[in-house]
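Within every chain, numbering begins at 1; the chains are lettered A, B, ... in the order of the sequence lines, protein sequences first and strands thereafter.
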Amino acid sequence: MKTWLLILVSTVLVNNFVLVRFLGLCPFFGVSRNVNTALGMGLATTFVLTLASICSYITYHWLLVPLEVEFLRTIAFIFIIAALVQFTELWIRKSSPLLYTVLGIYLPLITTNCAVLGVALLSTTDNQSLAEAAVYGFGAATGFTIVLTLFAGLRERIETADVPAIFRGNAVALITAGIMSLAFMGFSGLDQP
Amino acid sequence: MKPQHLTNRFQGGLVVSDPTATKVLPVIATGLPTTVVLPLQTSHNSYTPNVDSGQAVLKGQRLDHLTPSGASPLLAPTSGVIKSIARYACSQSPGGAVNSIIIDVDGEDNWHPDAQLFHDWHQLSRDSQLTALQASALIGHGGGGFALYRKLTSATKPIKTLIVNAVECEPMINCDAALLQTAANDIIAGAFALASLCGADNTVIAIENGKQQILQSLVESLTDNTSNNMTLCVVPDIYPVGAERQLVEVVCGVKVVAPDIPSRHGILCCNAATLAAFHSFVSTGYPSLRRLVTVAGSAIQKPANFDALIGTPIKDLVDIAGMHSPMTAEHSLTVGGSICGTGFYDFNAPVLANTNCILVDKPDKNPVTEVACIRCARCSDVCPAELLPQQMHRHIQAGKPEDAQAFGLDACIECGCCDQVCPSNIPLTASFRDSRATLRQRHQIEIAANESARRYDMRQQRLEQKTLEKNRRLMERKRALQKQTASTEQSSPQRPDADAIKAAMMRSRQRKKNRPGNDSTG
Amino acid sequence: MQSLSAIVKQIVSPVGVGQIMCTVLVALLPGLLAHTYFFGPGIVINIVLCCVASVLIETVCIKLRKRSVYTALTDGTAIVTAFLLALTLPPLAPWWICVLGMLVALLPGKHLYGGTGHNPFNPAMLGYAFLLICFPLEMTQWLNPANIPETQQLLPGLIDSIRITLGSSHLDTAHWDAITMATPLDKIKHAAPENLISTVQGSQGFIGAYAWEWSNLGFLLGGLWMLWRRVISWHIPVSVLMVLALCYAVSNIPLAGSAVQVTPLFGLFSGAAMLGAFFIATDPVSAAASRRGQLIYGAGIGFLIFIIREFGGYPEGVAFAVLLMNLTVPTIDHYCKVKAKSRDKHEPG
Amino acid sequence: MIAAIVVFSVLAAGVGYALGKLASRLPADASSLADQINQLLPQTQCGQCQYPGCRPYAEAIATAQAPINQCPPGGEQTIHALADLLGREVIALDTELGECKPAQLAVIREDECIGCTLCIHACPVDAILGASRMMHTVIASECTGCELCLPPCPVDCIDLQADTVNIQRA
């Protein structure tokens with residue numbers, strides 16, 4: 001149990017996938033226009049990522065290793081993630097068409113989101129157990145969701161701010177993301193007991 | 001009759017120590033003005049005139065077609081000749097000029113024959129009392145500008161409590177205090193009459209803590225007409241305790257959030273001056289066309305309360321009150337009190353039914369500069385409606401008033417408290433007032449658009465229906481034709497023979513010869 | 001309209017934004033005096049440097065935005081940022097640390113977002129965090145607090161301090177026993193040399209670490225005075241200090257290498273807790289807008305200060321705690337909406 | 001090695017088939033989104049957006065067949081509202097389709113009207129009153145100013161005036 005908490009703290013706060021490892025930046029900037037869509041995207045990614053890390057663990061240890069084709073793991077993981085994303089896309093298209101239109105291209109883009117593939121690959125290299133891989137995936141996704149929602153809130157506030165013309169739009173968003181990762185440096189060293 | 005001192009209060013508000021509160025200004029009666037102006041478009045009513053220029057009118061005569069049911073009519077305040085119906089200055093409309101009826105007063109001031117609506121109020125049935133009240137065009141003198149008739153009829157629940165709002169919490173306004181001193185009995189009688197009309201079982205007269213000497217005179221006049229269900233409450237003087245919803249919260253403990261109104265909670269709140277006017281209407285049968293207006297401000301020599309005819313240009317009152325220095329463009333004119341009063345630009349504008357105070361102030365020597373909002377949240381501390389003005393301001397400044405609605409823009413009572421405490425001197429209430437107007441206009445556009453969408457859908461359905469109908473009929477005829485051709489083929493398979501055709505042609509030629517025959521061979 | 005405002009505004013505390021900021025500066029004095037008494041005049045030099053830098057940067061930026069320099073300077077927010085940044089810097093830090101800190105504080109911290117009122121991050125803390133991460137050596141050159149009876153520590157006078165700050169003479173550690181220690185908090189984690197431990201236990205410092213409790217007491221006095229003048233509201237400082245004290249009370253962290261328990265009072269009166277709670281967290285522009293939001297904001301800061309101090313890598317957590325909560329402010333404001341509905345508070349009459 | 005290929009192809013086929021089945025059971029429900037978009041359009045039913053009315057244009061936007069800047073009567077305000085709803089970039093109005101003019105009303109010069117009922121069929125909101133060979137007139141409160149009745153009129157007796165009747169529509 002203690003290690004799970006440590007994994008969670010380390011993936012969500014200490015080395016957050018977006019602000020410290022700089023993975024998954026394209027949806028981070030693409031979907032953070034308003035808080036509700038950011039939350040929608042975050043939940044979708046959490047769903048995909050947690051299931052993907054579990055399935056990739058299973059395929060890696062029960063399929064690839066017995067068949068000695070570990071080198072195929074990247075393709076297998078991408079295949080799993082694509083299937084999960086397709087399922088999520090169908091579900092969101094059915095349940096909330098507005099979210100589906102607003103997310104637009106970024107929903108299928110979860111497949112190519114480097115954070116998602118990164119988690120699957122990293123959890124195999126650190127040879128974690130199944131439960132640890134699941135918690136690792138869930139932690140990474142929650143970190144991604146929290147930071148994405150906070151960043152969306154910040155961008156909404158900056159929309160109403162009187163930013164100089166040349167900085168308006170993505171420039172001020174990029175600088176703000178930089179300051180966010182500066183702030184997240186405060187958590188460094190949190191997971192060394 | 002011992003006054004009850006109420007201690008519960010609403011959130012926020014401004015503690016105001018106003019030296020003018022205790023001193024009651026003298027009341028000056030004014031005669032008839034030379035011209036009278038009646039705007040056709042005010043905040044809550046719009047009239048279509050049924051008179052045209054040059055026509056003579058008598059006092060109390062109705063000047064408009066009663067368009068929407070329940071709207072109160074427009075009555076001529078005095079007799080005279082209609083000079084013109086043109087755009088004229090008005091203190092209520094932000095644009096400044098509004099179509100108005102301008103009457104040259106002839107001075108006889110004689111009533112129109114059917115101006116007296118009844119002879120004895122108590123014989124009338126409740127419904128005829130209500131229709132008489134509507135015909136009397138009695139508009140609330142408080143500041144809201146709603147017709148008393150509309151207030152009564154918009155009550156969804158039976159009215160249990162009637163509150164007489166004798167509170168004058170806004171500094172500089174003095175007309176209610178003067179009325180309490182001179183006509184306390186009229187107000188009480190008016191309160192009784194209205195209570196019996198709307199069936200309220202207890203009546204509360206609310207007065208401010210700061211007005212001690214008026215309190216004594218009220219207590220005496222209350223003891224002589226002894227009645228059990230009328231109580232006198234003294235409310236703490238925190239601005240805006242005189243606002244309808246805040247007074248209801250202090251007196252009855254019911255928190256009413258705009259746009260909801262107290263009459264939907266069985267509570268009717270009426271201004272003291274309205275009740276005095278109601279009493280004069282009930283006792284004489286003639287609509288009351290006069291009201292007390294305070295004229296004060298730093299530029300006025302002798303501030304006083306004027307008993308003025310509704311429609312009198314404000315310029316006449318200011319001339320009587322006298323000014324230190326002649327009026328210049330920098331002088332600031334305000335209608336209403338000094339905290340939530342709205343500025344206006346042309347002091348020829350007329351006195352309306354809900355104009356309770358005119359302030360004329362000297363140009364401000366050190367104008368304050370507006371600085372950016374630092375989100376210090378003082379305005380949300382003093383906001384009596386418990387809103388977040390700093391968040392509303394941020395969204396309005398970014399050009400998105402609809403986002404400000406999430407922070408309570410619709411519940412804003414435009415009381416002006418936030419302006420007074422803002423360290424950055426931002427004109428918050430003015431920006432909220434404008435944004436609410438824009439949102440009202442957008443709402444109107446949306447209603448019109450929905451109406452067009454409905455008509456478009458109906459038309460589409462009708463056309464679809466028609467094409468379906470046509471196809472169905474076509475199908476039927478085709479089927480009938482097929483049936484018919486099938487049946488004829490079975491009974492006579494070969495073609496009809498040639499001589500039958502020849503005989504038919506012979507007959508037609510014969511008929512053609514007969515027709516021209518009548519003119520040639522007979 | 002104006003004749004009345006005199007009546008109303010007298011009742012409510014200092015009126016304009018400029019007066020508010022002046023009151024904040026005056027409130028900073030007690031803590032500042034305690035600081036100079038224990039850590040020498042270096043802090044005053046820092047303040048002068050920061051103020052000069054902030055005025056210059058502010059003027060340049062406002063001119064670039066073609067706005068009136070007078071109103072921008074007189075609203076005093078730049079000066080307050082300068083004071084707060086200077087108070088967090090070590091007394092004998094080189095001069096470019098102050099200038100660079102002010103640059104980072106005012107450019108990306110404030111003018112990037114449109115000047116006063118629009119910056120989501122606390123400018124002073126942004127400058128300090130940037131300096132702490134980029135120049136860890138210079139930022140932890142804290143002098144040993146003066147006048148500890150056992151060590152009779154002498155402090156460099158004003159002239160020496162200026163020369164050191166300008167880099168003309170090197171700080172020879174042999175003479176002035178400068179040790180790389182951010183604050184006494186540092187030794188809670190890394191068992192610092194014995195003499196300092198003893199000073200804490202035996203020192204006359206009644207509650208906190210020897211020198212720091214006096215400067216915290218000074219800031220507490222300044223903060224209470226600001227509360228009384230109604231320049232700030234109680235919501236943020238109370239929630240920060242309460243949560244911090246609660247965390248210390250709940251988790252009994254032993255003082256490094258000794259049986260002494262860290263009492264909540266010790267936690268509150270050491271490091272930059274009081275300065276953070278009363279002056280830094282209550283910066284209205286970067287704090288939450290609604291009072292309810294401010295309570296959540298303050299509680300978050302208190303909790304994060306405790307987490308970073310006890311488990312994090314940096315000795316003092318106020319800067320990062322404030323920055324991290326500044327991140328969450330827009331989302332807090334997004335969800336702290338007005339849901340006022342008509343209701344019957346109690347039976348009428 | 002062969003086993004790996006076989007396993008993966010079987011796995012791929014199975015998941016593909018399952019997703020295909022699922023796609024048909026979870027149809028996209030675009031109509032509720034079209035309603036939300038239709039709510040933002042000015043409902044002049046003028047057809048300047050190359051669609052027969054506002055509703056068809058809303059459905060086109062919902063199924064991403066049409067961009068959000070093809071509504072001249074709505075102008076900037078409608079584009080901003082659609083961009084906010086759908087989270088898309090704000091793009092300038094496509095001016096070939098028409099300009100954003102202030103609200104206007106069609107008014108028939110009644111003495112020249114020959115009663116041919118062509119405009120009655122053309123009006124998308126049935127705002128024109130009249131019978132064949134009888135004089136026609138426009139119901140001012142219902143007219144959306146869409147100009148569709150101008151082209152079919154043989155005697156060209158309909159002209160456009162600023163909308164003063166329902167002033168709030170402007």
Between the side chain of [X] and the main-chain N/O of [Y], is any donor-acceptor distance below 3.5 Å?
| X | Y | result |
| --- | --- | --- |
| C:N326 | C:N122 | yes |
| B:N202 | B:T161 | no |
| B:E370 | B:I426 | no |

Contacting region of B:E386 [heavy-atom separation from chain C under 4.5 Å]:
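The answer is the backbone of B:E386.
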Interface moiety of B:A411 toward chain C, non-hydrogen atoms closer than 4.5 Å
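Neither part.
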Aromatic ring pairing C:F279/C:F219, orientation class (parallel under 30°, perpendicular over 60°, tilted between):
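Judged by the thresholds at 30° and 60°, the geometry between C:F279 and C:F219 is perpendicular.
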Counting heavy-atom pairs under 4.5 Å with chain C, which one of [options] comes out on top?
| options | result |
| --- | --- |
| B:V204, B:V257, B:V248 | B:V257 |
| B:V382, B:D381, B:L387 | B:D381 |
| B:A372, B:A406, B:A385 | B:A406 |

Taking C:T282, C:D75, C:D333 one by one, which has the highest count of heavy-atom pairs under 4.5 Å against chain B?
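Ranked by heavy-atom pairs under 4.5 Å with chain B, first place is C:D333.
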Winner by heavy-atom pair count (cut-off under 4.5 Å) against chain B, out of C:A287, C:G115, C:A72, C:A289
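It is C:A289.
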Contact part of C:D283 toward chain B, heavy-atom cut-off under 4.5 Å: side chain, backbone, both or neither?
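For C:D283, neither part sits under 4.5 Å from chain B.
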Distance alone, cut at 3.5 Å: any donor-acceptor contact between the side chains of B:Q405 and B:H395?
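There is no such pair between these side chains.
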What's the spacing between B:C418 SG and B:L388 CG if we round to 0.5 Å?
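Rounded to the nearest 0.5 Å, the SG-CG separation comes out at 11.5 Å.
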